[in-house]
**Q** 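I'd like to ask you about the structure that follows.
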Amino acid sequence: MKKLLKIFLIFFKIGSFTFGGGYAMLPIIKRELVDNLNWITEEDIYNYYAIGQSTPGIIAVNTATMTGYSLKGIKGALAATTGFIMPSLIIITLIASFFKRFQQIDLFQHAFAAIQIAVVALIIDIVIKMWQKSDKTRASLLIFLIAFLLLVIFKISPVFVILGSAAAGIIIQYLRGNLETAYYDYQNKDQGSDK
């Protein structure tokens with residue numbers, strides 16, 4: 001019960017400061033769960049984020065759910081998800097109540113403009129870290145290049161790009177496995193014929 005409460009509070013904190021969607025939450029999850037508590041690894045975060053992108057729904061919520069599930073099963077998933085969405089519900093309810101007044105106040109306009117700039121910095125930081133940790137084989141670089149072109153030039157929906165990338169990864173791994181098996185069989189056959 002103590003760990004569930006801690007999961008809820010951590011994700012409440014993450015949800016309170018995640019401006020700009022799922023990318024912005026990754027550095028905070030890393031600091032809280034990897035650096036401070038050592039509950040998961042950095043690689044785990046990127047795996048949960050990849051699953052969060054590949055499944056229907058909001059990436060940030062999916063990532064929170066996956067992380068909570070890995071920590072404490074279904075109860076952990078519920079604690080993380082509830083903690084993550086609670087600040088948004090509270091803030092949106094308050095903003096909706098006073099939205100017209102907020103729009104007119106210069107102070108809030110400047111604050112949100114500055115937050116947007118900070119979010120861009122967070123996203124760039126996480127992109128660099130993900131790139132450093134990613135698989136840099138020729139096949140994965142080709143997938144990156146094709147995905148980038150499809151998104152930026154051809155404006156293909158990210159959903160199709162993610163699904164296509166997942167399919168390409170499965171096919172490449174399957175072909176690699178078959179090639180390795182064929183090579184192993186070939187080596188054994190050669191060694192057998194030498195005897």
Side-chain angles (χ1 to χ4, degrees), residues 1-88 118-148 151 158-159 161-177 180:
M1 194 65 188
K2 205 173 182 181
K3 189 169 184 179
L4 286 174
L5 180 62
K6 196 157 192 177
I7 291 169
F8 173 85
L9 292 173
I10 286 168
F11 278 93
F12 187 90
K13 185 179 179 183
I14 292 167
S16 301
F17 295 100
T18 299
F19 297 92
Y23 294 106
M25 79 186 286
L26 294 180
I28 306 171
I29 290 180
K30 180 186 174 297
R31 190 186 67 226
E32 294 294 328
L33 298 178
V34 178
D35 300 338
N36 294 349
L37 294 170
N38 204 25
W39 281 357
I40 57 175
T41 66
E42 195 171 346
E43 190 178 343
D44 290 334
I45 295 172
Y46 297 136
N47 290 337
Y48 303 149
Y49 190 78
I51 293 167
Q53 278 188 315
S54 308
T55 51
I58 301 164
I59 297 167
V61 175
N62 291 349
T63 305
T65 305
M66 282 297 303
T67 308
Y69 184 81
S70 75
L71 294 171
K72 202 82 174 142
I74 291 177
K75 289 179 182 176
L78 287 170
T81 305
T82 307
F84 185 77
I85 63 173
M86 191 72 70
S88 299
V119 166
V120 170
L122 281 170
I123 291 169
I124 290 169
D125 175 58
I126 204 63
V127 166
I128 291 167
K129 284 179 180 165
M130 286 180 83
W131 178 259
Q132 288 169 345
K133 296 247 176 216
S134 67
D135 181 24
K136 293 185 189 69
T137 61
R138 275 181 277 178
S140 60
L141 291 173
L142 183 64
I143 290 170
F144 168 79
L145 185 63
I146 292 169
F148 183 79
L151 289 166
V159 173
V161 174
I162 289 166
L163 291 174
S165 299
I170 291 166
I171 291 165
I172 288 165
Q173 192 57 42
Y174 175 76
L175 292 174
R176 273 186 193 156
E180 284 171 11

**Q** Of the non-hydrogen atoms in Val34 and Glu42, which two are nearest, and what is the gap between them?
**A** CG2-N, 3.8 Å
**Q** Between Ala168 and Ile143, what is the shortest heavy-atom contact and its length?
**A** CB-CD1, 3.9 Å
**Q** Mind listing the closest non-hydrogen atom pair of Phe17 and Ile28 along with its distance?
**A** O-CD1, 3.8 Å
**Q** Heavy-atom count check: over 12 atoms from other residues, nucleotides or ligands less than 6.0 Å from Lys30 NZ?
**A** yes
**Q** Nearest 0.5 Å, please: how far is CD1 in Ile146 from CG in Leu142?
**A** 4.0 Å
**Q** Counting only heavy atoms not in Leu145 (residues, nucleotides, ligands), do more than 12 fall under 6.0 Å from its CG?
**A** yes
**Q** When rounded to the nearest 0.5 angstrom, what is the spacing between NZ in Lys75 and CG in Leu4?
**A** 7.0 Å
**Q** What heavy-atom pair brings Pro27 and Leu122 nearest, and what distance separates the two atoms?
**A** CG-CD2, 3.9 Å
**Q** Applying side-chain contact (heavy atoms from CB on, under 4.5 Å) between Thr81 and each of Val61, Thr67, Ile7, report the one that passes.
**A** Val61
**Q** Check the pair Phe11 / Thr65 against side-chain contact (heavy atoms from CB on, under 4.5 Å), numbers first and verdict last.
**A** CA-CA 10 Å; Phe11 278 93; Thr65 305; over 6 Å; no
**Q** What distance do Met86 atom CE and Leu9 atom CG have between them, rounded to the nearest 0.5 Å?
**A** 11.0 Å
**Q** Let me see the working for Ile29 and Thr63 under side-chain contact (heavy atoms from CB on, under 4.5 Å), right down to the final yes or no.
**A** CA-CA 10 Å; Ile29 290 180; Thr63 305; 4.3 Å; yes
**Q** Please round to the nearest 0.5 Å and tell me the distance separating atom CG of Leu37 and atom CG of Leu71.
**A** 9.0 Å
**Q** Can you give me the closest heavy-atom contact between Ala80 and Gly68, atom names plus distance?
**A** CB-CA, 3.8 Å
**Q** Shortest non-hydrogen contact from Ser165 to Ala147?
**A** OG-CB, 4.4 Å
**Q** Out of curiosity, Tyr48 OH to Glu43 CD, how far, rounded to the nearest 0.5 Å?
**A** 10.0 Å
**Q** For atom OH of Tyr69, decide whether the heavy atoms of other residues, nucleotides or ligands shown that lie under 6.0 angstrom number more than 12.
**A** no
**Q** Show the numbers, then the answer: is there a side-chain contact (heavy atoms from CB on, under 4.5 Å) between Ile45 and Ile40?
**A** CA-CA 8 Å; Ile45 295 172; Ile40 57 175; 3.6 Å; yes
**Q** When rounded to the nearest 0.5 angstrom, what is the spacing between CH2 in Trp131 and CZ in Phe144?
**A** 5.0 Å
**Q** Check for a donor-acceptor pair, side chain of Asp44 on one end and backbone N or O of Thr41 on the other, with a separation under 3.5 Å.
**A** yes
**Q** Are more than 12 heavy atoms from other residues, nucleotides or ligands located less than 6.0 Å from atom CD1 of Ile58?
**A** no
